[in-house]
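Working notes, structure below.
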Amino acid sequence: MMKSRIRLVLLACGSFNPITNMHMRLFELARDHLHQTGRYQVIKGIISPVSDKYGKKGLVSARHRIAMAQLALETSDWIHVDPWESEQEKWTETVKVLRHHYNESLRSLQFKKELRRNNWPIERATEDFLSSLDPVSPELKLLCGADILKTFSTPNLWKEEHIKEIVEKFGLVCISRAGSDPVQYINESELLTQFQHNIHLVTEWIQNEISATHIRYALSKGLSVKYLIPDSVISYIKYHKIYTEERERKNKGDLTSLS
Amino acid sequence: MENPDNRTEVVLLACGSFNPITNMHLRLFELAKDYLHETGKYKVIKGIISPVGDAYKKKSLISASHRVTMAKFATEGSDWVEVDDWESSQNEWLETLRVLRYHHQKLASSKSANSLQSAAPLIKRGRKRKQEANSHNPVKKNQLIPETKGIPQLKLLCGADILESFGIPNLWKLEDITEIVSNHGLVCITRAGNNAQKFIYESDTLWRHKSNIHLVEDWITNDISSTKIRRALRRGQSIRYLVPDAVQAYIEKNNLYSPESEDMNAGVILAPLQKYARSCKQEQTLI
């Protein structure tokens, strides 16, 4: 009899300004790693772009960032964009985004249970149907770069109780490049050490460091970003004239630029 | 009014296994084009991907027909990069220089075919051309074809690894390297901290023609090698977003790249090594 795997959802928070091939790669890497442990079945990936209220310089409007992510994920059958975080009145701490998505998944499970109890037909994709048979809600883990572990020790950036909730109740899947040593960040923190069983470290052996900052710079200079971000996203950027030299200059606060 | 664009037209040619083609290969073209345009001296009009023939006998090289097909899928979304299968359809392995010469010849004959179509009456050898009033054309003796723009320059596009492979004994003929850098030119994409400049410095041949060797730094650490792609596939790992979607789908559909395919040509000597090792002549070395 096949040992049943724990169903799992991956959530990635960030600016996605814009989304790049590397962002999507993180999901693929994480899924492969978790599947190869034999213990997990990754059923869904969620990209949650940050709200405009985050106030980061150069952040184009959420409407664009969501649209670009949607275009990028058109060909993915398991990762999708969720606009909830971007629609909130003010900036939402990561732990609250996790809580929201976990509650959503509980709610959906409850709903399906109701349907079954009432013998209503469940017309869903096979995946959803199979998952509706499982009484347990899938686990939700935060997908991120291993540098997030480092930021946990930055004073005033994270609330201690939030870090605890994230690593204890949810869990992390951290991608790092070959040659770096994320284990040290865990060792340097008592909290992280305590919950290290819930921190999955994944090594990226095929380096593909496409920073969104570089993408924006290249776009503003008219340089090519083809094969770094999907063609559909490039077309969108051109059509809506975002990340132009003018806009980048304004973002840098260049007082000599004429508006 | 004549076209004020005095930039030299350039065609980029990339040779290699493309086993399989990856996003990194495609990026080389984009980086090279941007770089050459930024100099203000060049205008890149075309990119050619020329996959090597099966006779190259490299380990794990799968059939040319698959590699060419994948490259074609990969360049479907490009309006200037195309795939050429001439090299891959040859029965024997061809030196890179021969592929360059072939494409250069092709460019030259298509250029003259175009200019003949739009030519003024041909002038026979030995006859002076009557100078028309207000004509801006200089009088040219022995002119068979009216003055047209030159043939585009054909440059070899490669990564720094190819440049440095010039130093591997018996892999390249010195006279080939010399002709490549003097008659054509190299556009070599490197990553930060690479030894390409040092390599050029240490070679008299390359140094002499260094103005024809363009080093372009890749601003992204992009290490999507075909070897790693094949490894990932053997391990059942995803290659999405590292190769174009159509290439990934083709590989999956045709079940390419297994442990068996990795053993292709195992123990067989690479074609150029076999060819040059047989030669008794005392070869000059690059460095």
Side-chain angles (χ1 to χ4, degrees), chain A residues 19-36 38 42 45 47 71-79 175 177-180 202-235, chain B residues 12 21-38 44 47 49 73-81 189 191-193 216-249 252:
Chain A
I19 192 166
T20 71
N21 283 349
M22 191 186 78
H23 291 132
M24 297 185 284
R25 196 56 210 139
L26 297 183
F27 280 87
E28 299 286 314
L29 280 164
R31 182 168 74 158
D32 280 346
H33 174 89
L34 292 164
H35 283 186
Q36 274 163 4
V42 178
I47 281 186
L71 284 168
L73 295 169
E74 249 165 11
T75 56
S76 177
D77 60 0
W78 67 285
I79 312 167
I175 318 289
R177 75 185 80 99
S180 70
V202 185
T203 306
E204 160 74 287
W205 291 98
I206 307 178
Q207 272 183 54
N208 187 27
E209 274 151 59
I210 307 173
S211 97
T213 308
H214 275 139
I215 297 286
R216 294 193 302 272
Y217 174 81
L219 287 165
S220 71
K221 295 274 172 260
L223 300 174
S224 166
V225 294
K226 203 165 159 72
Y227 314 114
L228 301 175
I229 70 180
D231 285 349
S232 54
V233 178
I234 296 176
S235 301
Chain B
L12 295 168
I21 192 164
T22 70
N23 282 348
M24 188 181 78
H25 292 130
L26 299 161
R27 269 308 284 162
L28 298 184
F29 283 90
E30 300 291 309
L31 286 162
K33 185 176 177 197
D34 279 345
Y35 170 86
L36 291 170
H37 283 189
E38 298 240 295
V44 178
I49 289 178
F73 274 130
T75 51
E76 252 167 12
S78 175
D79 59 3
W80 67 285
V81 182
I189 315 296
R191 59 188 82 116
V216 183
E217 208 169 286
D218 191 349
W219 40 274
I220 278 175
T221 317
N222 191 334
D223 195 22
I224 309 176
S225 72
S226 300
T227 305
K228 291 186 173 182
I229 297 293
R230 296 195 305 273
R231 184 178 294 135
L233 288 163
R234 290 196 302 277
R235 297 175 185 184
Q237 292 167 343
S238 167
I239 58 167
R240 286 215 72 186
Y241 313 115
L242 300 176
V243 304
D245 283 349
V247 174
Q248 188 266 329
E252 195 174 301

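So that the names make sense, note that chain A is the first sequence line, chain B the second, and so on, each numbered from 1.
Both the backbone and the side chain of A:Asn21 come within less than 4.5 Å of a heavy atom in chain B. Heavy-atom distances place the side chain of B:Asp245, and not its backbone, under 4.5 Å from chain A. Using a 4.5 Å cut-off between heavy atoms, A:Ser76 touches chain B through backbone and side chain atoms alike. Neither the backbone nor the side chain of B:Thr22 comes within contact range of chain A, judged by heavy atoms closer than 4.5 Å. Neither the backbone nor the side chain of B:Leu31 comes within contact range of chain A, judged by heavy atoms closer than 4.5 Å.
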Checklist entry - Is there a side-chain contact (heavy atoms from CB on, under 4.5 Å) between B:Gln248 and B:Ser238 once you walk through the steps? => result CA-CA 9 Å; B:Gln248 188 266 329; B:Ser238 167; over 6 Å; no
Checklist entry - Please walk me through it: do B:Ile49 and B:His25 pass side-chain contact (heavy atoms from CB on, under 4.5 Å)? => result CA-CA 9 Å; B:Ile49 289 178; B:His25 292 130; 5.8 Å; no
Item to check | side-chain contact (heavy atoms from CB on, under 4.5 Å) evaluation trace for B:Leu12 with B:Leu36 | outcome: CA-CA 11 Å; B:Leu12 295 168; B:Leu36 291 170; 4.0 Å; yes
Item to check | Check against side-chain contact (heavy atoms from CB on, under 4.5 Å), A:Glu28 and A:Trp78 | outcome: CA-CA 10 Å; A:Glu28 299 286 314; A:Trp78 67 285; 3.2 Å; yes
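Within 6.0 Å of CH2 in A:Trp205 there are 12 or fewer heavy atoms belonging to other residues, nucleotides or ligands.
Counting heavy-atom pairs closer than 4.5 Å to chain A, the top residue among B:Arg240, B:Arg231, B:Lys228 is B:Arg240. With respect to chain A, the highest number of heavy-atom pairs below 4.5 Å among B:Lys33, B:Gln237, B:Arg27, B:His37 belongs to B:Arg27. Ranked by heavy-atom pairs under 4.5 Å with chain A, the first of B:Ile220, B:Asn222, B:Ile229 is B:Ile220.
Shown here for A:Thr203 and A:Leu29, the closest heavy-atom pair between the two residues is O-CD2, 4.5 Å.
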